[in-house]
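The structure under discussion appears below in the form of structure tokens.
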Amino acid sequence: KKAKLIEAFRNFLERISATTDDTATQTWVGNTLMDLADASMKPNQIKADGQAAKLLKTAVETFERLKARAGEEVPAEVNFQLGKAHRLLGSYKNSIDTFEALLSKTPMMLDAQMEAALAYEHWARDVDPKYAGNAFKAALNGGRPNAKKENVIWGWGRTSQLTQRDPKYRAKFFEARYHVALCRFLWGQRTKSKPLIEKSVVDIMRVADLYPELGGPEQRRKFDALLKTIQKELKQQPVGLPPLPAGN
């Protein structure tokens, strides 16, 4: 019953998108489709399928139609959502192309930087292992250099460096550091490189030594679960993170 209601609403939104020239209305349609797609995906699902994929494809069509009509005046949020939709559909090159164009103009848009790094990370998990190293390297260290040979997409490493000192970006800092360790582990796992996997342990423990709470209980549980997974891969006892100091 829920699926039928969502499909009926998708058809309704698709008709609105196809018959209006109003930027605000089309943006609302696209964002609503994105929200419905997110709600239709399973927890921790990387690539959409079924109804979620159908919603995302309609969102892509809406955003592309909006861009064609708006030209250079298209809002940054539209390209952000378009890049995210492509990532969730597994269209990683299209996603990265979209984020490169967006970040060339708005490099400090942190959410877009993190989405672009995630697109590289998910691409690396999807490609043939012999190409995975380059994609994981881009997720970690950035990619798409500009005319000055500076990476337009920062990658998780630089994102974590630039968010470390500002308390208002603390949640983004820990999220970036988590993905640094995750990327290194997945890279080592896919290329069968034990040194890379061991380095992912260092990535986690270095942050845990500086910030034992690791951004709060939920984020700490993520780091702990990842560390246990890495320890199992290294044939070690999966003890996870050391206990918090007394008083924390």
Side-chain angles (χ1 to χ4, degrees), residues 17 20-35 37-38 46 48 55-124 126 134-180 183:
S17 172
T20 182
D21 291 331
D22 183 65
T23 298
T25 301
Q26 284 196 325
T27 302
W28 172 79
V29 168
N31 289 342
T32 303
L33 288 161
M34 293 292 293
D35 290 341
D38 274 339
I46 288 175
L55 287 160
L56 288 166
K57 287 174 184 175
T58 306
V60 167
E61 291 168 3
T62 299
F63 291 132
E64 291 288 9
R65 191 178 293 121
L66 193 160
K67 286 181 67 176
R69 289 172 178 166
E72 294 297 319
E73 302 303 317
V74 63
E77 177 66 14
V78 170
N79 277 322
F80 172 80
Q81 292 283 40
L82 180 60
K84 181 178 179 180
H86 279 308
R87 175 180 67 77
L88 291 171
L89 284 167
S91 302
Y92 300 117
K93 184 181 184 304
N94 287 336
S95 177
I96 291 164
D97 287 346
T98 302
F99 284 121
E100 179 187 14
L102 172 60
L103 293 168
S104 293
K105 297 178 180 177
T106 57
M108 297 303 294
M109 192 173 178
L110 279 175
D111 287 342
Q113 288 288 1
M114 295 174 81
E115 273 289 333
L118 200 57
Y120 271 125
E121 180 183 313
H122 289 176
W123 196 1
D126 199 53
N134 286 337
F136 277 123
K137 185 177 180 181
L140 282 166
N141 302 327
R144 297 296 177 93
N146 58 20
K148 297 180 181 178
K149 297 185 179 180
E150 298 169 340
N151 285 334
V152 173
I153 296 171
W154 294 345
W156 293 118
R158 189 174 177 212
T159 298
S160 70
Q161 291 170 2
L162 295 178
T163 53
Q164 183 173 7
R165 292 181 179 83
D166 194 330
K168 71 181 178 182
Y169 297 130
R170 188 49 56 90
K172 294 185 186 300
F173 164 70
F174 285 112
E175 186 66 18
R177 290 309 307 176
Y178 172 83
H179 280 280
V180 166
C183 278

(message) As a quick check of understanding, evaluate side-chain contact (heavy atoms from CB on, under 4.5 Å) for N79 and K67, giving each step before the final call.
(response) CA-CA 8 Å; N79 277 322; K67 286 181 67 176; 3.0 Å; yes

(request) Determine whether L110 and W154 make a side-chain contact, defined as any pair of heavy atoms from C-beta on separated by less than 4.5 Å. (result) yes

(message) Before you tell me yes or no, could you show the steps for W123 and K93 under side-chain contact (heavy atoms from CB on, under 4.5 Å), namely the whole-Å CA-CA distance, both residues' side-chain angles and the distance that decides it to 0.1 Å?
(response) CA-CA 8 Å; W123 196 1; K93 184 181 184 304; 4.1 Å; yes

(request) Report the C-alpha distance between Y120 and R144 in whole Å, list the side-chain angles of each, state the deciding distance to 0.1 Å, and finish with yes or no for side-chain contact (heavy atoms from CB on, under 4.5 Å). (result) CA-CA 11 Å; Y120 271 125; R144 297 296 177 93; 3.5 Å; yes

(request) Kindly compute the distance separating OG1 (T159) from CD (Q164), expressed to the nearest 0.5 Å. (result) 12.5 Å

(request) Spell out, as yes or no, whether a donor-acceptor pair under 3.5 Å connects the side chain of R87 to the backbone of Y92. (result) no

(message) Rounded to the nearest 0.5 Å, what separates atom CD in E64 from atom CG in L82?
(response) 5.0 Å

(message) On a heavy-atom basis, which atom in A135 and which in A124 lie closest, and how many Å separate them?
(response) CB-CB, 3.4 Å

(message) So, taking the atom named SG in C183 and the one named OH in Y178, what distance separates them when rounded to the nearest 0.5 Å?
(response) 10.0 Å

(message) Looking at D111 and K84, is any side-chain nitrogen of the basic one under 4.0 Å from a carboxylate oxygen of the acidic one?
(response) no

(request) Quick one: do E121 and W156 satisfy side-chain contact (heavy atoms from CB on, under 4.5 Å)? Show the steps, please. (result) CA-CA 10 Å; E121 180 183 313; W156 293 118; 3.0 Å; yes

(message) For T25, run the side-chain hydrogen bond (donor to acceptor under 3.5 Å, both in side chains) check against D22, T23, T27, D21 and tell me which one passes.
(response) D22

(request) Starting at CG of N31, measure out to CD of E77 and round the result to the nearest 0.5 Å. (result) 5.5 Å

(request) Nearest 0.5 Å please: distance from the CZ atom of F63 over to the CG atom of L33. (result) 7.5 Å

(request) Please confirm whether the backbone N or O of V152 pairs with a side-chain atom of Q113, one donor and one acceptor, at under 3.5 Å? (result) yes

(message) For the backbone of S17 and the side chain of T20, can you confirm whether one donor and one acceptor N or O come within less than 3.5 Å of each other?
(response) no

(request) Write down the atom of A48, the atom of L56, and the distance for their closest heavy-atom approach. (result) CB-CD1, 3.4 Å

(request) Return the minimal non-hydrogen interatomic distance between A139 and A117, and the atom names on each side. (result) CB-O, 3.7 Å

(message) Closer than 3.5 angstrom, by distance alone: can the side chain of N151 be matched with the main-chain N or O of N141 as a donor-acceptor pair?
(response) yes

(message) Using only atom types and a distance under 3.5 Å, with no angle test, would you say the side chain of Q26 pairs donor to acceptor with the backbone of T62?
(response) no

(request) Could you tell me which non-hydrogen atom of H179 sits nearest to which non-hydrogen atom of L118, and how far apart they are? (result) CE1-CD1, 3.7 Å

(message) To the nearest 0.5 Å, what is the distance between CG on N146 and CD1 on I153?
(response) 11.5 Å

